[in-house]
Amino acid sequence: MNNFYQSVYEMASKIPKGKVTSYGRLAVLLQSPRAARAVGYALNSLKKDDLQKVPWQRVINSQGKISIKGDHFRASLQRRLLEEEGIVFDENDSIDWDKFGWP
DNA sequence: ATCGTGACGAACG
DNA sequence: CCGTTCGCCACGA
């Protein structure tokens, strides 16, 4: 199916390991600069199977922080996965866009 | 077709 | 840095 979700997943798959981007940035790359919220909605809808195909953990908010709400387990998992890729979180739980930002 | 919703974001105080 | 406010969007009930 060719919907917004699909494009989000495809674009997210282009994020190199060890790098991250924001929902808003991803929206811009998808030619929908104001659909940041929809991007988050799309990633939130990822099914168990797709979780292993799409690097969902490489998408965080514009402030450089994990943005998952509600599911603490999943949130901590995201941080762990990113740290395993070499991404570093500072004392404020945020990353340095100049070092790990993509594109 | 209408309406509520939420892994957003920029602007403020 | 932290919480709040308001605008925006695709999706599904």
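Quick caveat, the model's predicted, so the values are computed rather than measured. By convention in this document, chain letters (A, B, ...) are assigned in the order of the sequence lines, proteins followed by strands, and residues within each chain are numbered from 1.
- Residue I66(A) contributes atom CD1, which lies 15 Å from atom C1' of dC8(B) at whole-angstrom precision.
- Of the candidates dC11(C), dC1(C), dC2(C), the closest approach to any side-chain atom of K65(A) belongs to dC2(C).
- S67(A) and Y23(A) are not linked by any side-chain donor-acceptor pair at a separation below 3.5 angstrom, with hydrogens and angles left out of the test.
- In this model, a side-chain donor or acceptor of R37(A) finds a partner on the base of dG7(C) within 3.5 Å.
- Using a 4.0 Å heavy-atom cutoff across all strands shown, N61(A) reaches sugar-phosphate atoms only and no base atom.
- Ranking dA10(C), dA10(B), dA7(B) by closeness to the F4(A) side chain, first place goes to dA10(C).
- If you check every strand for non-hydrogen atoms under 4.0 Å, D71(A) touches nothing.
- For dC1(C), one of the phosphate oxygens OP1 or OP2 lies less than 4.0 angstrom from a side-chain nitrogen or oxygen of N92(A).
- You'll find that the side chain of A38(A) is closest to dA10(C), out of dG9(B), dC1(C), dA10(C).
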Go through the steps for E85(A) and K19(A) under the test salt bridge (charged side-chain N to carboxylate O under 4.0 Å, His left out), then give the verdict.
CA-CA 8 Å; E85(A) 295 185 1; K19(A) 293 287 183 178; over 6 Å; no
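- Atom CD in Q31(A) sits about 15 Å away from atom P in dC9(C), given to the nearest Å.
- Counting heavy atoms from C-beta outward, P55(A) and Y9(A) have side chains that stay 4.5 Å or more apart.
- Side chain of Y41(A), nearest nucleotide from dG6(B), dC8(B), dA10(B): dG6(B).
- Closest approach to the Y23(A) side chain among dC9(C), dC8(B), dA10(B) is made by dC8(B) (side chain taken as heavy atoms from C-beta onward).
- Across the protein-nucleic acid pair, R74(A) atom CZ and dG6(B) atom P stand 15 Å apart, rounded to whole Å.
- Relative to the side chain of R34(A), the nucleotides dA10(C), dC9(C), dG6(B) differ in distance, and dC9(C) lies closest.
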Show, in sequence, the C-alpha distance, side-chain angles and deciding distance for K14(A) and E10(A), and conclude whether the salt bridge (charged side-chain N to carboxylate O under 4.0 Å, His left out) test is met.
CA-CA 7 Å; K14(A) 295 182 179 179; E10(A) 291 177 12; over 6 Å; no
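- Listed here is the closest heavy atom pair of I66(A) and N61(A): O-ND2, 4.2 Å.
- Listed pair S67(A) / dA7(B) fails the phosphate criterion, with no side-chain N or O lying under 4.0 Å from OP1 or OP2.
- For the pair S22(A) and dC8(B), the criterion of a side-chain N or O lying under 4.0 Å from OP1 or OP2 is not met.
- Atom C1' of nucleotide dA7(B) and atom CZ of R58(A) are separated by 17 Å, given to the nearest angstrom.
- Ranking dA7(B), dG9(B), dC11(C) by closeness to the Y5(A) side chain, first place goes to dC11(C).
- As a whole-Å value, the separation of L26(A) CG from dC8(B) C1' is 12 Å.
- Whole-Å rounding puts the Q63(A) CD to dC8(B) P distance at 10 Å.
- Distance L30(A) CG to dA10(C) C1': 12 Å, rounded to the nearest Å.
- Rounding to whole angstrom units, NZ of residue K69(A) and C1' of dT5(B) are separated by 12 Å.
- Atom CD1 in I95(A) sits 8.5 Å away from atom CG in D90(A) (nearest 0.5 Å).
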